Amino acid sequence: MSINVESTTSPSAAVRPEQPLITCVIPGYNESANLAILLPQVVAALSKLSPRFSVLVVDDGSSDDTVATVTACAKQYPVQLLSLSRNFGKEYAIAAGLDHAAGDVVFLMDADLQHPVALLSEFFALWRNGYDMVYGIMSNRSHESSLKRFLTRRFYGLLSRAASIDIPLDAGDFRLFDRCVVDALTSLPERTRYMKGLYAWVGFKAVGVPFVPAERMQGHSSFNLRRLSGLALTGITSFSELPLRVVGLSGAVISLLAIGYGVVEFIRAFFFGVDVPGWATLVVGMAFLGGIQLFSLGVVGEYIGRIFNEVKSRPRYIVARRYGFDSKEHNGP
Ligand code: UDP
Ligand code: MG
């Protein structure tokens, strides 16, 4: 399999522990049937990499029997479960998983079997070679609708131009992190989280591995157009002030045009005695300006809403129950 190296320099030979502790974080929302199939596969794959490992399932407020399935697996395998008090959304389930992952190496993968378990060993080999972050790149997105593919491409194009970070296209949440990356990610205090942006923002030696996502085993994707556009808005407003600049600039341009037009009309009326005809121009102008003003308020409001969220400083998620953790372990966000 060919490898798409994001960093241009080759990684320096990092000292890696011989038998690292591995944690595989799996966020799941109503994935009971999928987890029953996935967990034994992941356990088998991890046991080949190191004798010290655990699988950490984050139950993101599922309404199915995810808790029963995972606790049943925990009797047989080294499986831990964090059960959030409600559905907080994937970004927060990931944050919860990373906060509680003890591994020297932390894998992150979806629960729906779209991320091939067979690739874990390849990710791990790249970590051994010195990469601190390894991510899967979807080389085929035919499982997604053409509208979703089109909008995703436009969004990444916009984001990479608007933000000063380089977010690799088609890379998702199928990843391996070295401890240093997990520590960096968990140290970020922001509440409004756009993980794909944060992975890129923290930096470190990273490499992409192409993979073909499988069909979702059971159930359906939770990311409809409404949820995806919310995430896209979070991505843009978390990583760029460009919308504010565009609004400011368009205000300035419209004001200059209005002044220019005023001067022209004044000269025409004063020197040539031409009446200013028609109310239609006026109405259109007013409606246009009214629209621009409301739009601008909306854009500014979007940022103020995010500041409001940050200032409230609520925890990002609430853990209702945990299984398979020492009482000494990390206790919250
Ligand atoms: N997920 C989650 N919380 C949510 C929605 C999704 O933890 O509110 C999990 C879901 O169970 C799965 C992963 O995030 O393990 C990816 O979700 P999904 O398959 O719905 O997204 P897609 O593959 O379509 O991007
Ligand atoms: Mg999926």
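Sequence positions, counted from 1, serve as the residue numbers for this chain. When a ligand or atom number is given, it counts from 1 through the structure's own listing order. Please read these numbers as outputs of a predicted model, since none were measured by experiment.
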**Minimum-distance protein heavy atom relative to atom 23 (O) of ligand 1** = Q114 OE1, 2.9 Å
**Asked** Does the Q80 side chain pair with the main chain of V55, one donor and one acceptor, at a distance under 3.5 Å?
**Response** no
**S240 side-chain N/O to T237 backbone N/O, donor-acceptor pair under 3.5 Å** = no
**Complete:** The closest protein heavy-atom partner of atom 20 (O) of ligand 1 is S222 N, 2.6 Å
**Request:** Compute the shortest N/O to N/O distance between A111 and ligand 1 and return yes if it is under 3.5 Å, no if not.
**Result:** yes
**Prompt:** With a 4.0 Å heavy-atom cut-off (strictly under), which part of N87 contacts ligand 1: side chain, backbone, both or neither?
**Reply:** side chain
**Message:** Give me the residue, atom name and distance of the protein heavy atom closest to atom 22 (P) of ligand 1.
**Reply:** S221 OG, 3.6 Å
**Asked** Can you tell me which residue and heavy atom of the protein come closest to atom 18 (P) of ligand 1, and the distance to 0.1 Å?
**Response** R216 NH2, 3.5 Å
**Prompt:** Do R154 and F150 meet the cation-pi criteria used here (NZ or CZ under 6.0 Å from the six-membered ring centre, within 45° of the axis)?
**Reply:** yes
**Request:** Tell me, please, which residues at least two apart from N30 pass side-chain hydrogen bond (donor to acceptor under 3.5 Å, both in side chains).
**Result:** S63
**Message:** Test your reading of the model: is there a side-chain donor-acceptor pair from R193 to the backbone of E190, 3.5 Å cut-off?
**Reply:** yes
**Asked** Quick one: does S296's side chain have a donor or acceptor within less than 3.5 Å of a partner on V247's backbone?
**Response** no
**Name of the residue among D60, D173, D112 meeting salt bridge (charged side-chain N to carboxylate O under 4.0 Å, His left out) with K90** = D173
**Asked** Has the side chain of R52 got a donor or acceptor atom that lies under 3.5 Å from a matching backbone atom of Q19?
**Response** yes
**S62 versus E31, side-chain donor and acceptor atoms under 3.5 Å** = no
**Complete:** of all protein heavy atoms, closest to atom 9 (C) of ligand 1 is P27 O, 3.7 Å
**Item:** Side chain R175, main chain F107, donor-acceptor under 3.5 Å
**Value:** no
**Prompt:** Are F204 and F177 close enough that their ring centers fall under 6.0 Å?
**Reply:** no
**Prompt:** For atom 8 (O) of ligand 1, what's the nearest protein heavy atom and its distance?
**Reply:** R227 NH2, 2.6 Å
**Asked** To which protein heavy atom is atom 16 (C) of ligand 1 closest, and what is the distance rounded to 0.1 Å?
**Response** D110 OD2, 3.2 Å
**Fill in**
Among non-hydrogen protein atoms, atom 21 (O) of ligand 1 lies closest to F223 CD1, 3.3 Å
**Request:** Please check if the distance between the ring centroids of F123 and F174 is under 6.0 Å.
**Result:** yes
**Message:** Need the ligand 1 atom indices (1-based, order shown) with element for anything under 4.0 Å from a heavy-atom of D112.
**Reply:** 19 (O), 23 (O)
**Message:** Heavy-atom pairs closer than 4.0 Å: do any link ligand 1 to the side chain of D60, the backbone, both, or neither?
**Reply:** side chain
**Message:** Does only the side chain of E31 get under 4.0 Å from ligand 1, or the backbone, or both, or neither? Count heavy atoms.
**Reply:** side chain
**Prompt:** the Mg ion (ligand 2): which protein N, O or S atoms are under 2.8 Å away?
**Reply:** D112 OD2, Q114 OE1
